[in-house]
Amino acid sequence: MELKDIIKEENKVYSKPELLDDVHMHYCPGCSHGVVHKLIAEVVAEMGLTEKTVGISPVGCAVFAYNYIDVDWVEAAHGRAPAVATAISRLWPEDVVFTYQGDGDMAAIGTAETIHAANRGENIVMIFINNAIYGMTGGQMAPTTLIGQKTATTPYGRRVDLNGHPLEITDILATLPGTCYVTRQAVHTPAGARKTKAAIKKAFENALTKKGTSVVEVVSTCNSGWKLSPVKANEWMEENMFKHYPLGDLKVD
Amino acid sequence: MAKLKGAITVNVERCKGCNLCVAACPTDTLSLQPNEVNDRGYHYAYMSNPDACTGCCSCAWVCPDACIEVYRVKID
Amino acid sequence: MKGNEAVAHAAIRYGCDGYFGYPITPQSEVLETLEALMPWETTGMVVLQAESEVAAINMVYGGAASGKAVMTSSSSPGISLKQEGISYMAGAFLPALILNVMRGGPGLGTIQPSQADYFQATKGGGHGDYHLIVLAPSSVQEMVDFVGLGFDLAFKYRVPSMILADGIVGQMMEKVVLPPFRPRRTDEEIRKQCPWATNGRTGKRKRNVVTSLELESSRMEEVNHRLQECYREIEKAETRCEEIDTDDADYLIVAFGSIARICAKAMELAREKGIKVGILRPITLWPFPKEAVRKAADGKKGILCVELNAGQMIEDVRLAIHDCIPVEHYGRLGGIIPSPTEIVEALENKIIEK
């Protein structure tokens with residue numbers, strides 16, 4: 001059978017989701033953001049939520065998420081996405097509002113907003129990209145940077161005595177009665193990406209049925225910040241990140 | 001038994017040559033272009049061994065730039 | 001009723017969609033009154049005590065981005081915390097209402113009244129080239145009226161507006177006439193009035209994005225020009241002030257907010273002594289009533305600016321008249337309110353006898 005007989009519209013089993021714009025994304029080659037964007041675009045379309053979804057983009061690499069996924073977006077000040085989402089969700093209760101936040105946004109500058117929105121049990125989805133580094137500003141230490149991990153501001157490795165411990169914000173959120181679903185996933189393998197998509201879908205369903213706050217952490221790579229190739233970064237993530245941030249559901253109500 | 005035969009197309013200009021699809025492919029179908037580059041200078045992915053493709057979509061799932069379309073047929 | 005309580009009633013009656021605040025003296029009665037009135041049971045208005053002023057202003061940012069009529073209130077230190085969010089709203093062309101019931105600073109300062117946030121309110125406050133429409137009430141009635149006016153102007157021009165009150169007006173009790181109840185806009189009305197708002201792509205319309213970010217310099221300059229054009233329009237159309245007996249006066253007192261009422265008493269005392277004084281009270285502090293000040297200053301022998309600060313509005317007065325007649329400042333700091341007699345003495349010592 002020749003290629004031209006296979007490559008036909010009726011045989012198509014996978015393509016770029018319609019809600020993901022046909023524009024070049026500014027992310028570095030191999031960046032996990034692209035995969036997660038794609039999964040969100042798929043979930044929104046499959047659940048028929050295109051007209052009801054509002055995304056809140058953070059400060060960080062994903063600040064331009066609004067250029068890629070074809071839903072309404074508000075760009076928030078650094079760390080304030082959960083507060084912005086709180087208001088929109090309360091004022092437009094039929095909408096599904098999700099935040100898209102990095103580790104600095106979620107667990108350093110925005111810790112208060114993150115914890116309090118979750119503690120109030122706002123009907124929002126928090127998608128948390130944890131790559132243990134500040135990508136956009138050039139690879140500085142994040143609250144989730146591992147002990148010993150080298151970054152631009154921990155050039156000899158993160159030290160507990162100097163920099164404290166990695167903050168496990170997702171574990172903290174799982175202890176709050178306001179959260180209904182807290183999970184940690186990764187998109188480095190096809191199976192991982194499939195599971196992450198299922199998690200995002202579940203989180204959106206929770207928002208629709210007003211069950212409370214859902215948190216989907218995606219343990220991710222930042223191969224540029226980590227100074228590794230995309231493939232090597234996946235390996236490093238499996239060997240190091242998963243030990244500290246084990247994958248799986250932390251809370252399912 | 002029915003056999004699955006697949007093929008992919010790559011949106012060459014979206015591709016950044018990150019190699020994640022190549023690493024994810026269970027049948028060694030894909031490679032990065034050794035010489036050719038796209039407008040942005042990336043060695044983009046292509047089917048270097050098209051006969052091996054089963055249309056499993058692994059490459060597409062891990063592609064951060066959504067540049068892979070997958071096609072699949074059953075052959076009796 | 002108290003000025004702060006009156007604001008809460010006015011907000012509900014205006015058809016405000018949401019209030020987000022954090023307690024701070026001397027304005028906590030706004031949030032307390034709203035919580036007691038439970039407007040979510042009647043008009044559907046959302047009321048939320050946030051975890052901080054920072055969160056509250058970002059809730060306002062989000063609510064405004066979605067097209068709703070939303071507000072917050074705070075007092076000086078809290079307003080400082082809100083400045084980033086206010087700058088974001090200005091940069092993203094969002095309408096909202098912010099009430100500052102000023103107290104004395106700097107720092108934690110005092111809970112007593114002050115007007116020391118004039119610079120912060122009228123010159124930007126946060127980062128970047130922007131302005132708020134700033135309304136200065138001198139009575140509880142104006143606290144009520146400026147809720148509606150503040151929202152109307154904010155939506156007309158897509159800028160945040162601020163009611164710059166002080167602790168006196170916030171805490172003072174007076175009789176007021178509340179406006180009639182107005183229903184909140186329906187979702188359909190909001191979508192029509194605010195086609196730019198982010199509340200879901202209903203009817204598969206093109207997506208809306210609310211952002212103040214623009215990395216391309218020429219486009220960022222364009223955004224800034226758009227803002228400035230908007231400000232020029234506001235300056236032309238929305239300047240407001242009140243004048244009392246300025247026509248026959250030899251001297252002019254310029255004062256805003258509650259202190260203008262004490263100046264009115266001082267004016268009476270001065271006139272009893274044969275000193276002909278008139279008062280000009282700017283109601284919009286931005287846009288500042290430059291033209292009115294210039295006209296009122298014409299033929300006068302001098303101007304006394306009375307403020308509960310060390311001399312802030314006086315800069316705008318001097319710019320307005322290009323120092324063509326003597327302009328002096330009189331103010332008390334730290335929460336002390338000058339008596340009418342003190343003001344007359346200041347007029348005599350600083351202007352008349354000089």
Side-chain angles (χ1 to χ4, degrees), chain A residues 18-19 21 26 44-45 48-60 63-97 99 109-120 122 124 136, chain C residues 17-20 40 44-70 72 82-89 91-92 94 96 126 184 187 190-191 196-215:
Chain A
E18 212 177 291
L19 288 183
D21 286 0
H26 74 287
V44 170
L49 294 174
T50 308
E51 300 185 33
K52 298 173 89 173
T53 301
V54 181
I56 317 294
S57 74
V59 168
V63 65
F64 286 123
Y66 57 70
N67 284 335
Y68 307 135
I69 304 176
D70 196 13
V71 296
D72 276 1
W73 283 93
V74 182
E75 198 288 307
H78 199 12
R80 315 302 167 217
V84 175
T86 292
I88 300 178
S89 166
R90 290 202 178 210
L91 290 160
W92 296 87
E94 302 307 313
D95 281 358
V96 173
V97 186
T99 69
I109 195 167
T111 313
E113 284 77 6
T114 299
I115 286 181
H116 284 280
N119 195 48
R120 287 189 301 263
E122 301 294 344
I124 59 173
M136 176 158 266
Chain C
D17 296 303
Y19 171 94
F20 305 90
W40 54 91
M45 176 185 176
V46 169
V47 181
L48 181 59
Q49 177 171 341
E51 62 270 32
S52 68
E53 282 94 349
V54 175
I57 195 68
N58 282 283
M59 290 172 185
V60 170
Y61 173 81
S66 74
K68 297 275 181 170
V70 289
T72 186
K82 290 182 195 287
Q83 290 302 332
E84 180 196 37
I86 295 173
S87 170
Y88 271 63
M89 283 196 279
L94 295 183
R184 288 169 53 237
D187 290 354
I190 290 171
R191 289 196 182 97
W196 44 265
T198 51
N199 42 41
R201 291 177 48 208
T202 312
K204 296 269 192 308
R205 65 157 161 74
K206 217 170 144 271
R207 74 167 168 264
N208 286 332
V209 174
V210 168
T211 179
S212 55
L213 173 68
E214 182 50 71
L215 290 185

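Numbered from 1 within each chain, the chains take letters A, B, ... in sequence-line order. Because the structure is a prediction, the values reported are computed rather than measured.
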To check you understand the geometry: which heavy-atom pair defines the closest contact between [X] and [Y], and what is its length?
{"X": "A:Asp95", "Y": "C:Asn199", "value": "OD2-O, 2.6 Å"}
{"X": "A:Val74", "Y": "C:Ala65", "value": "CG2-CB, 3.8 Å"}
{"X": "C:Val54", "Y": "A:Arg80", "value": "CG1-NE, 3.3 Å"}
{"X": "C:Thr198", "Y": "A:Ile88", "value": "O-CG2, 4.4 Å"}
{"X": "C:Phe20", "Y": "A:Ala87", "value": "CZ-CB, 3.9 Å"}
{"X": "A:Trp92", "Y": "C:Ser66", "value": "NE1-OG, 2.9 Å"}

Which region of A:Thr86, side chain (C-beta onward) or backbone (N, CA, C, O), has a non-hydrogen atom less than 4.5 Å from a non-hydrogen atom of chain C, or is it both or neither? side chain

With a 4.5 angstrom heavy-atom cut-off, could you sort out which part of A:Leu19 is near chain C: side chain, backbone, both or neither? side chain

Rounded to the nearest 0.5 Å, how far apart are CZ of A:Phe64 and CG of C:Leu213? 4.5 Å

Within residues 44-63 of chain C or reaching into it, pairs that qualify as side chain to side chain donor-acceptor pair (under 3.5 Å) - sequence neighbours excluded: A:Arg120-C:Glu51

Only one of C:Asn208, C:Val210, C:Val209 clears side-chain contact (heavy atoms from CB on, under 4.5 Å) with A:Tyr66; which? C:Val209

Chain A contact via [X] - side chain, backbone, both or neither, heavy atoms under 4.5 Å:
{"X": "C:Ile190", "answer": "side chain"}
{"X": "C:Lys68", "answer": "side chain"}
{"X": "C:Ala56", "answer": "neither"}

Over 12 foreign heavy atoms within 6.0 Å of CD, A:Glu18: no

Got a sec, which residues hit side chain to side chain donor-acceptor pair (under 3.5 Å) with A:Thr111, two or more places apart in sequence or on another chain? none

Best-contacting candidate, C:Arg205, C:Met45, C:Glu84, against chain A by heavy atom pairs under 4.5 angstrom: C:Arg205

Tell me if a side-chain donor or acceptor on A:Glu51 pairs with a main-chain N or O of C:Gly200 at a distance below 3.5 Å. no

Most heavy-atom pairs under 4.5 angstrom with chain C, which of A:Val71, A:Asn119, A:Val97, A:Thr53? A:Val71

Report the option among A:Asp70, A:Leu49, A:Val96, A:Val54 that has the most heavy-atom pairs separated by less than 4.5 Å from atoms of chain C. A:Asp70

Between C:Leu215 and A:His26, is a side chain to side chain contact (heavy atoms under 4.5 Å, CB included) present by the stated rule, with each step listed? CA-CA 13 Å; C:Leu215 290 185; A:His26 74 287; over 6 Å; no

